[in-house]
S.K.: 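My structure is below; once you've seen it, I'll send some questions.
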Amino acid sequence: MAFRFVHTADIHLDSPLRSLALRNSELAELVGDASRQAFAAIVDLCLVERIDALVVAGDLYDGDQTSMKTARFLASQMTRLHQAGVRVYMIRGNHDAMSRITKQLVLPDTVTTFGGRCQSVIQPGAGVDVAFHGLSFASPKAPESLLPKYAAPQEGAANIGIMHTSLAGSPGHDVYAPCSVADLHGHGFDYWALGHIHVRKVYPGASTLVMPGIPQGRDINEAGEKSVTLATINDDRSVDIEERLTSVAQFERVSVDLAGTSELPEAVGRIRSALEQSRTAARSQYLIARLSLVGASALSWTMIRDKDLVLAEAEQAAEQVGNTWVEKVELNLSAPGTGKSEDVADPTLELAESMRANATSDAFRSDARELVLKTIADLPPDARDFAGQDEAALEAFLDDVLARGVDLVTARLKSGGTR
């Protein structure tokens, strides 16, 4: 009889959502609870499918937090698995290493949390015994490969390695226990249950290597459906895998073409239609959309000036669609039908070009940079990331603010000043 297990990673319970909370507290509450709901859905999947084990390849938590609500929730979910006879095998990832709950929470004896030395645990199976090999790191940093610390495969058993690793590196993810895919394939395990990179990927080769991705996206940079992997080890030790949806809330970028529109009701109708199409395509319970309004429209300057009203109309359209939220509206519109010579003759556009030149001058940029840095210093620590966390992000923030400032002034002049 085949041995079946669910493989997940990077759940990030209680992941902070401060910037989202500042914009929309109800949306922040929805997203803030979605990771917990996704984990409950993973447990539901284990019970419905009557699987033999759940594998969590690191980052169950999201750092140094002490939420007892999370502790109680996690204990209750592990108890559900324990009562159903489902064993759990977990390793700590870089975020788990900072969590106090990791060190304090008492879980059922059917839960194995691998420590700082590689352990091998054999779970007998009806058709084939399965050896789980895991290693946690006690620090949030692991600059060297952990692979040499893993034991050799157990003869006569199907071997599953559990590792939290950045592999050869991935944009947006810290380097953590780096190693090559080729070395993992060459180690001799039947399945590698990986974690750390938030995008699902299967690496073909001698072994079955799976990075399941994050089971619940937390922002627009983790857009799309999210899932876990259901793996089946057959009696001949061949491995079959299935992707199973777990995301409760699904982030998506939605482009809306407003070319040729001249009246707001027509534009709102197109926004609603685009949201309806995206809602129909999304399989998750909730859709969270970032709208990008594009095209040449007579409404371009008015929409830039009245962006808050555009957002309000979009939010109302989303409410009418149902189970849909608008997280942000980006305006990438242009004015229709004006040629280059006419643009040059337009005094407002000439003024805009002059303002743009001044805004990009070294002196103006230096003053703006100093003002932003002073503002950052005056804010509490948990609100200082609005301009990014490094020099490159700060420069990109300045580029965006200066450009939008010129566009806003131009929009007010072109569309009749203040409303």
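Both backbone and side-chain heavy atoms feed into the values below; hydrogens, waters and symmetry mates do not. Keep in mind that what you see is a predicted model, and the values were worked out from it rather than measured.
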S.K.: Can you measure from NZ (Lys201) to CG (Leu167) and round to the nearest 0.5 angstrom?
M.R.: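 That separation rounds to 9.0 Å.
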
S.K.: Test side-chain contact (heavy atoms from CB on, under 4.5 Å) on Met90 and Leu54 and set out the steps.
M.R.: CA-CA 8 Å; Met90 301 194 304; Leu54 170 64; over 6 Å; no

S.K.: Taking Pro148's backbone N and O only, do any of them form a donor-acceptor pair with His187's side chain (distance below 3.5 Å, no angle check)?
M.R.: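 Checking the backbone N and O of Pro148 against the side chain of His187, no donor-acceptor pair under 3.5 Å is found.
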
S.K.: Could you check if a side-chain atom of Phe132 sits within less than 4.5 angstrom of a side-chain atom of Arg87, using non-hydrogen atoms only?
M.R.: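 SC-SC contact between Phe132 and Arg87 ruled out.
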
S.K.: Just to verify, which of Asp190, Ile233, Val121 counts as forming a side-chain contact (heavy atoms from CB on, under 4.5 Å) with Ile160?
M.R.: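 Of Asp190, Ile233, Val121, side-chain contact (heavy atoms from CB on, under 4.5 Å) with Ile160 is met by Ile233 alone.
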
S.K.: If you apply the rule side-chain contact (heavy atoms from CB on, under 4.5 Å), what do you find for Leu299 with Leu333, and how did you get there?
M.R.: CA-CA 8 Å; Leu299 297 169; Leu333 299 164; 5.8 Å; no

S.K.: For Glu319, does the CD atom sit with more than 12 other heavy atoms under 6.0 Å from it, leaving out its own atoms?
M.R.: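 No - once you tally the heavy atoms of other residues, nucleotides and ligands closer than 6.0 Å, there are 12 at most.
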
S.K.: Looking at side-chain heavy atoms only, is the closest gap between Val228 and Pro212 below 4.5 Å?
M.R.: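 Not in contact.
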
S.K.: Is the number of heavy atoms from other residues, nucleotides or ligands within 6.0 Å of CD (Glu330) greater than 12?
M.R.: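 Yes, the 6.0 Å shell around CD holds more than 12 heavy atoms from other groups.
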
S.K.: Measure the shortest side-chain to side-chain distance between Val210 and Arg200 over non-hydrogen atoms and say whether it is less than 4.5 angstrom.
M.R.: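 Yes. Closest side-chain heavy atoms under 4.5 Å.
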
S.K.: When rounded to the nearest 0.5 angstrom, what distance separates OG in Ser136 from CD1 in Ile162?
M.R.: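 Nearest 0.5 Å value for the OG-CD1 distance: 9.0 Å.
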
S.K.: Between the side chains of Glu243 and Ser227, does any donor sit under 3.5 Å from an acceptor?
M.R.: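 Distance-only check passes for Glu243 and Ser227.
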
S.K.: Which atom names give the shortest non-hydrogen contact between Arg253 and Asn221, and what distance separates them?
M.R.: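 Closest pair (atom of Arg253, atom of Asn221, distance): NH2-OD1, 3.6 Å.
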
S.K.: I need the Leu147 CG to Trp192 CH2 distance, nearest 0.5 Å.
M.R.: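 If we round to the nearest 0.5 Å, Leu147:CG and Trp192:CH2 are 5.0 Å apart.
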
S.K.: With side chains defined as the heavy atoms from C-beta onward, is the minimum distance between Arg80 and Ser76 less than 4.5 Å?
M.R.: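 A side-chain contact is absent here, since even the closest heavy-atom pair is not under 4.5 Å.
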
S.K.: Among Tyr150, Phe189, Tyr89, find the residue that satisfies the ring pair (Phe, Tyr, Trp, His ring centres under 6.0 Å) test when tested with His133.
M.R.: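 For His133, the ring pair (Phe, Tyr, Trp, His ring centres under 6.0 Å) check succeeds only for Phe189.
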
S.K.: Say you draw a straight line from SG of Cys179 to CG of Leu194; how long is it, rounded to the nearest 0.5 Å?
M.R.: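 Those atoms lie 7.5 Å apart.
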
S.K.: Assess, by modelled atom type and distance only, whether the side chains of His82 and Thr110 contain a donor and an acceptor separated by less than 3.5 Å.
M.R.: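 Looking only at side-chain atoms, Thr110 and His82 do form a donor-acceptor pair, the distance falling under 3.5 Å.
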
S.K.: Does some side-chain heavy atom of Val130 sit less than 4.5 Å from a side-chain heavy atom of Phe5?
M.R.: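 Result no, sub-4.5 Å side-chain heavy-atom pair not found.
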
S.K.: Taking Asp52 for the side chain and Arg4 for the main chain, is one N or O donor matched with an acceptor at less than 3.5 Å?
M.R.: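 The answer is yes, because a donor-acceptor pair under 3.5 Å joins these two groups.
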
S.K.: Within this structure, what is the CG-CG distance for the pair Leu47 and Leu81, rounded to the nearest 0.5 Å?
M.R.: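 One finds 6.0 Å between CG of Leu47 and CG of Leu81.
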
S.K.: Testing the 3.5 Å rule here: is there a donor-acceptor pair between the side chains of Arg36 and Thr70?
M.R.: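 A pair is found: one side chain offers a donor N or O, the other an acceptor, under 3.5 Å apart.
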
S.K.: Where is the tightest heavy-atom contact between Gln216 and Ala38, given as atom of each residue plus distance?
M.R.: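 That closest heavy-atom pairing would be CB-CB, 3.7 Å.
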
S.K.: Is it true that a side-chain atom of Gln154 and a backbone atom of Asn159 form a donor plus acceptor pair closer than 3.5 Å?
M.R.: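 No, the answer is negative, given that no donor and acceptor are paired below the 3.5 Å cut-off.
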
S.K.: Looking at Arg218, is its backbone amide N or carbonyl O close enough to the side chain of Glu222 to form a donor-acceptor pair, meaning the two atoms are under 3.5 Å apart?
M.R.: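 Pair found, side chain donor or acceptor close to backbone of Arg218.
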
S.K.: I need the minimum non-hydrogen distance between Ala274 and Val254, along with the two atoms involved.
M.R.: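 Closest pair (atom of Ala274, atom of Val254, distance): CB-CG1, 3.9 Å.
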
S.K.: Could you tell me whether a side-chain N or O of Thr79 sits under 3.5 Å from a main-chain N or O of Ala75, the two making a donor and an acceptor?
M.R.: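 Yes: the side chain of Thr79 pairs with the backbone of Ala75.
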
S.K.: For the residue pair Asn332 and Ser292, what are the closest heavy atoms and their distance?
M.R.: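 That closest heavy-atom pairing would be ND2-OG, 3.0 Å.
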
S.K.: Evaluate the side-chain hydrogen bond (donor to acceptor under 3.5 Å, both in side chains) criterion for residues Ser297 and Thr261: first the C-alpha distance (whole Å), next the side-chain angles of each, then the deciding distance (0.1 Å), finally the verdict.
M.R.: CA-CA 5 Å; Ser297 168; Thr261 55; 2.8 Å; yes

S.K.: Let me confirm one number: the CG-OG distance from Leu287 to Ser278, rounded to the nearest 0.5 Å.
M.R.: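 Between Leu287 CG and Ser278 OG, I get 6.0 Å after rounding to 0.5 Å.
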
S.K.: Between Lys328 and Ile220, is any pair of side-chain heavy atoms under 4.5 Å apart?
M.R.: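 The answer is no, as the side chains (C-beta and beyond) never meet within the 4.5 Å cut-off.
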
S.K.: Could you pull out the closest heavy-atom pair between Met211 and His196, with the gap in Å?
M.R.: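 Shortest heavy-atom contact: SD-N, 3.9 Å.
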
S.K.: So, using ring pair (Phe, Tyr, Trp, His ring centres under 6.0 Å) as the criterion, who are the partners of Phe114 when residues are at least two apart?
M.R.: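 In terms of ring pair (Phe, Tyr, Trp, His ring centres under 6.0 Å), with neighbours along the sequence ignored, Phe114 is linked to no residue.
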
S.K.: How far apart are the C-alpha atoms of Val6 and Ile42, what are their side-chain angles, what is the distance that settles it, and do they pass the side-chain contact (heavy atoms from CB on, under 4.5 Å) test?
M.R.: CA-CA 8 Å; Val6 168; Ile42 294 169; 4.1 Å; yes

S.K.: Using side-chain contact (heavy atoms from CB on, under 4.5 Å) as the criterion, point out the one residue from Thr246, Val56, Ile214, Asp59 that pairs with Ile11.
M.R.: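 Testing each of Thr246, Val56, Ile214, Asp59 against Ile11, the sole residue satisfying side-chain contact (heavy atoms from CB on, under 4.5 Å) is Val56.
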
S.K.: I'd like to check Val329 versus Leu293 (side-chain heavy atoms, cut-off strictly below 4.5 Å). Are they in contact?
M.R.: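 They are in side-chain contact.
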
S.K.: Tyr191 vs Thr229, test: side-chain contact (heavy atoms from CB on, under 4.5 Å). Steps then yes/no.
M.R.: CA-CA 12 Å; Tyr191 186 100; Thr229 297; 3.7 Å; yes

S.K.: Check this for me: does any side-chain nitrogen of one of Arg270 and Glu266 sit under 4.0 Å from a carboxylate oxygen of the other?
M.R.: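 A salt bridge is present here (some side-chain N lies under 4.0 Å from a carboxylate O).
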
S.K.: Name the one of Leu275, Leu30, Val31 that satisfies side-chain contact (heavy atoms from CB on, under 4.5 Å) with Trp325?
M.R.: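 Output: one option passes, namely Leu30.
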
S.K.: Between Ser255 and Asp257, is there a side-chain heavy-atom distance shorter than 4.5 Å?
M.R.: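 No; the side chains remain at least 4.5 Å from each other.
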
S.K.: Between the main-chain N or O of Ser238 and the side-chain N or O of Asp236, is there a donor-acceptor pair closer than 3.5 Å?
M.R.: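 Checked: pair present.
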
S.K.: What are the two closest non-hydrogen atoms of Gly127 and Asp235, and how far apart are they?
M.R.: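 Smallest heavy-atom distance, with atoms named: CA-OD1, 3.4 Å.
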
S.K.: Check for a donor-acceptor pair, side chain of Arg279 on one end and backbone N or O of Gly322 on the other, with a separation under 3.5 Å.
M.R.: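 Between the backbone of Gly322 and the side chain of Arg279 there is no qualifying donor-acceptor contact (under 3.5 Å).
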
